[in-house]
Peer 1: 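Have a look at the structure that comes next, please.
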Amino acid sequence: NAGANDVDVTVTRANLRKEPAPYAPTAVANLTAPILLDVAGRLERPPEILVASGMLHAEVDGVAAAFAKAGLVEAERRERGDWSALLLRL
C-alpha cells in the first residue's frame with residue numbers, strides 16, 4: 001500500500017522490554033498492559049500522539065498514569081467488550 005500511495009515507510013524491530021522505543025511523532029501500540037508499562041518507563045522521547053490498545057478495563061488507569069509520567073495526557077478512552085484503548089497526547 002505504501003508504494004501504491006507513494007509513501008515512504010520505515011520499519012524497525014525492537015525488544016521494547018529491553019530497550020527504549022524509537023521516536024516517532026505518532027505511534028500505535030496494540031500491546032498488553034505489562035508491555036505498555038515497560039514502554040512507558042523506558043520512553044526517552046514520547047510521541048506527540050500515542051494510541052495504546054490491548055488493555056483490559058482494570059488495567060487502563062495504570063497505563064494512563066504510567067504514560068502521564070512521560071508527559072502524555074489522556075485525550076480519549078474507548079472500551080469495547082473486555083478491552084480498552086487510549087488516545088494520549090503531549
Side-chain angles (χ1 to χ4, degrees):
N1 278 339
N5 291 299
D6 198 29
V7 175
D8 291 325
V9 176
T10 301
V11 177
T12 59
R13 183 177 177 165
N15 183 340
L16 298 176
R17 289 198 161 182
K18 293 185 178 180
E19 57 192 80
Y23 174 75
T26 301
V28 178
N30 185 22
L31 304 168
T32 61
I35 298 172
L36 288 167
L37 293 170
D38 285 345
V39 170
R42 286 188 174 80
L43 275 181
E44 293 177 349
R45 182 178 175 195
E48 296 168 26
I49 299 169
L50 172 63
V51 178
S53 59
M55 303 155 281
L56 298 172
H57 299 313
E59 301 168 327
V60 71
D61 288 332
V63 171
F67 281 106
K69 291 178 185 175
L72 291 162
V73 177
E74 183 176 334
E76 188 174 343
R77 182 181 296 204
R78 292 193 182 185
E79 298 178 343
R80 179 176 287 169
D82 295 332
W83 301 100
S84 294
L86 291 169
L87 171 62
L88 305 165
R89 296 180 184 267
L90 268 182

Peer 1: Quick one: pull up CE in M55 and CG in L31 and give me the separation to the nearest 0.5 Å.
Peer 2: 9.5 Å

Peer 1: Determine the minimum heavy-atom distance between P47 and A24, stating which atoms define it.
Peer 2: CB-O, 3.1 Å

Peer 1: Could you pull out the closest heavy-atom pair between E76 and R78, with the gap in Å?
Peer 2: OE2-NE, 2.7 Å

Peer 1: Out of curiosity, does L36 fall in the hydrophobic cluster containing W83 (side-chain heavy atoms, cut-off under 4.5 Å, transitive links)?
Peer 2: no

Peer 1: For side-chain contact (heavy atoms from CB on, under 4.5 Å), just list the numbers for E74 and V63, CA-CA rounded to whole Å, side-chain angles, deciding distance to a tenth of an Å, and then say yes or no.
Peer 2: CA-CA 10 Å; E74 183 176 334; V63 171; over 6 Å; no

Peer 1: Distance-only, no hydrogens or angles: does the E19 side chain make a donor-acceptor pair with backbone N or O of L16 under 3.5 Å?
Peer 2: no

Peer 1: With sequence neighbours excluded, give me every salt bridge (charged side-chain N to carboxylate O under 4.0 Å, His left out) pair touching residues 27-53.
Peer 2: R17-D38

Peer 1: Hey, what else clusters with V7 if you join Ile, Leu, Val, Met, Phe, Trp, Tyr whenever side-chain heavy atoms sit under 4.5 Å?
Peer 2: V9, V11

Peer 1: Tell me the closest heavy-atom pair linking S53 and N30, and the distance in Å.
Peer 2: OG-OD1, 3.1 Å

Peer 1: Report yes if some heavy atom in the side chain of V60 is under 4.5 Å from a heavy atom in the side chain of L86; otherwise report no.
Peer 2: yes

Peer 1: Can you tell if the side chain of F67 reaches within under 4.5 Å of the side chain of V73, non-hydrogen atoms only?
Peer 2: no

Peer 1: Side-chain heavy atoms nearer than 4.5 Å, only ILVMFWY residues, links allowed to pass through others: does that put V51 and V39 together?
Peer 2: no

Peer 1: Check for a donor-acceptor pair, side chain of H57 on one end and backbone N or O of G81 on the other, with a separation under 3.5 Å.
Peer 2: yes

Peer 1: Going by side-chain contact (heavy atoms from CB on, under 4.5 Å), L90 matches just one of L50, L72, I49. Which one?
Peer 2: L72

Peer 1: So which heavy atom on G62 is nearest to which on L37, and how close?
Peer 2: O-CD2, 3.7 Å

